[in-house]
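Atoms within a ligand are numbered from 1 in the order they appear, just like the ligands themselves. Keep in mind the model is a prediction, meaning the values are calculated, not measured.
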Amino acid sequence: MKTALSILKKNYGYDSFRGQQEEIIDHVISGGNAFVLMPTGGGKSLCYQIPSLCRDGVGVIVSPLIALMQDQVEALKQLGIRAAAINSSMEGGHVWETKQAIRNGEIDMVYVAPERLLMPDFIDLLQQSKVALFAIDEAHCVSSWGHDFRPHYTQLAELAEKFPDVPRIALTATADAPTRKDIVERLGLTDGRTFVAGFDRPNIHYTVSVKDSAKQQVLKFIKDHLGDSGIVYCLSRQNVEDTAQWLKQQGLNALPYHAGMNAKLRSKNQEMFLKDEGVIMVATIAFGMGINKPDVRFVAHMSIPKNIEAYYQETGRAGRDGLPADALMLYGLADVAMQRNFIAGGNSPEAQQRIEHHKLNALLGLCEAACCRRQVLLEYFGDKASPCGNCDTCMSPRETFDGTVGVQKALSAVYRTGQRFGVTYVVDVLMGKTGERTQQNGHEGLAVFGIGKEFGKHEWQSIFRQLVAQNLLQVDVAEHGGLRLSDVGMKFLKEKETIRLTRPMASVKAAKTRELKDAVAFNDAQDQTLFDALKAARMALAKAQNVPPYVIFHDKTLREMATRKPTTRDQLMEISGVGEQKIARYGTAFLEVINGYRVAA
Ligand code: ADP
Ligand code: ZN
């Protein structure tokens, strides 16, 4: 019988298992149920792919997005594994053939959407065939607590009754404690084992900056990533269109993606993102789930996302291959008002809205954190961490100061002006700026008028953001971003509490991106030339087969080839990510590039 380790080596070309992979794989091979929580890029796929290959029968993989199944199937085929997908976008004849192959035991793995899996004819087919396991990918979709609930997923509980002897493994990268429990219960996995890996994504560098001119800030960030693939998340479809067009005008290869687009164009853009190199996808959150492109080098948020889970999942799409990647979030109080609006207008019950507001507060805490961003993120998920050295606050620590008097002034100004004005106005009052509105409102005669001249406009704005983040002030959505004191804010004034604040954040620092670049750059400039040549060869092979380049080899594998320069098949075999099938198909082509380069050099 094939062992898990021999499959890892021969098919995948990897030397050893990572983290808990081996334990999970052994558990499932021996028939156990499992719930696996592992960060993106942690290596979840192997946890069901290898058991599918080791156990008799077909591995059935439930995946929410049919558009992306083909991509996974293609990657498996390239490894010499018999994989197929069945979904509504396929022709009847093709589906029939695949079903026939399943019945005959000629397929190792099949990808299906939950609604298809649960159709009586498909269940019948599986009951007549041998099933190795069920893998439920993106398992958080089963939970209404999670942020991507899909009703069809809940019916997957039926699998336990219909196939009591087939192991089931559910996998996700995002789930806080209540969601986790919910998934395990809903999918009937209480008798199985739960594997929770740490959440850390050490190769991602986090930066949060105050939004002043969002487009310019993002442009500057992208310019440090010229030629890289990346994602720019925007809050609305209109923002997506505007930003994509603007980036294009700046000479960048940017494409829009949102749910309001014509379906054909949308899937064409997605395909270009997957199959070409260096495409920037400007998108709403509709984009990203199920995308397993390993070489996304950056993710930028033009506005804050809705909570930390969403942020972690969205940024998690960068750097799956383990190479350095970069995340930038721009943040301003107008976004906070907008997110609050979404929650209030989203007609979920009040209790749910309260949870969502709390989750948003936690995100604001991240934005205003004076300590390591990664620490804040990991602690949110219940992991302990020490300062990471790879985030903006670690690399340029923020100074703190005693903000008690400033905060008293700020809160008083909000209170005295009637708790209905936005930041800009209240700051004008504090700084004693006379104008039409302050005159009309009769605020120039207030005791708070002009009492805050010790700070500039930016400093005051920073103070107000921190007060919102710490929940002393609330942004009133009904009042167009009007500020009002929370109970915590009231208590602060009444009980004369003290507070420390951080100095305003600077915009994206040049220094930080330099270091990131160094981490990706080759020591030897000639290795870079060889790497580029290997990439070109890969692109040609990919184009010829109409597949994404990364299903041939990952960047990481090409980088290793560029530095180690193998000249024989045996040496090439030693490179991580080069398995038997890949050698047979592409060995000659890549050795030619390397040898040609040696001759030239
Ligand atoms: P996830 O689904 O958890 O996001 P993947 O399964 O896509 O992660 O794996 C992420 C990357 O790590 C892939 O490129 C995969 O080939 C690679 N990988 C997974 N396991 C190993 C391993 N044991 N050794 C080397 N690379 C691995
Ligand atoms: Zn840090």
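Considering only non-hydrogen protein atoms, atom 2 (O) of ligand 1 sits nearest to Ser45 OG, 3.5 Å. Closest to atom 20 (N) of ligand 1, if we only count protein heavy atoms, is Gln21 NE2, 2.9 Å. Ranking the protein heavy atoms by distance from atom 14 (O) of ligand 1 puts His554 CE1, 2.6 Å first. The protein atom (non-hydrogen) at minimum distance from atom 15 (C) of ligand 1 is Tyr14 OH, 3.6 Å.
By the 4.0 Å heavy-atom criterion, Gly42 is counted among the residues contacting ligand 1. Judged by the shortest distance from any of its heavy atoms, Ser16 lies inside the 4.0 Å radius around the atoms of ligand 1. Ligand 1 has at least one atom lying under 4.0 Å from a heavy atom of Arg320.
Using a 3.5 Å distance cut-off with no hydrogens or angles, the side chains of Tyr233 and Arg317 do pair a donor with an acceptor.
For residue Cys394, an N/O/S atom approaches the Zn ion (ligand 2) to within less than 2.8 Å.
Electrostatic pairing of Asp108 and Lys77 does not count as a salt bridge here, judged by no charged N lying under 4.0 Å from a carboxylate O. Arg398 has no carboxylate O lying under 4.0 Å from a charged side-chain N of Asp392, or vice versa, which leaves the two without a salt bridge. Of the charged side-chain nitrogens involved, none lies within less than 4.0 Å of a carboxylate oxygen, so that Glu74 and Lys275 do not count as a salt-bridged pair. Look at Lys44 and Glu138 and you find no salt bridge, because none of the NZ, NE, NH1 or NH2 atoms lies under 4.0 Å from a carboxylate O.
Remark: ligand 1 and Leu8 share no N or O pair separated by less than 3.5 Å (distance only, no angle test). Between Thr40 and ligand 1, no N or O atom pair is found at a separation short of 3.5 Å. Note: no N/O pair closer than 3.5 Å links Asn292 and ligand 1 by distance alone. Distances between N or O atoms of Ser576 and those of ligand 1 include no value under 3.5 Å. The shortest N/O to N/O separation between Gly43 and ligand 1 falls below 3.5 Å.
Distances below 4.0 Å separate heavy atoms of Pro39 from the following atoms of ligand 1: 3 (O). Below 4.0 Å from some heavy atom of Gly41 lie the following atoms of ligand 1, by number and element: 1 (P), 3 (O), 4 (O), 8 (O), 10 (C). Below 4.0 Å from some heavy atom of Phe17 lie the following atoms of ligand 1, by number and element: 23 (N).
In this structure, the side chains of Leu76 and Val73 stay at 4.5 Å or more apart for every pair of heavy atoms.
Using modelled atom types, no side-chain atom of Asp555 and backbone atom of Asp295 make a donor-acceptor pair closer than 3.5 Å. In this structure, Glu23 contributes its side chain and Gln20 its backbone to no donor-acceptor pair below 3.5 Å.
Here Ser303 contributes atom OG and Leu330 contributes atom CG; the two are 7.5 Å apart, rounded to the nearest 0.5 Å.
Expressed to the nearest 10°, the angle at the Zn ion (ligand 2) joining SG in Cys391 with SG in Cys372 is 120°.
None of Val62, Ile61, Asn87 except one satisfies the side-chain contact (heavy atoms from CB on, under 4.5 Å) rule with Tyr111; the exception is Ile61.
In this pair, Phe298 and His225 present their aromatic rings tilted. The plane angle is within the 30 to 60° band.
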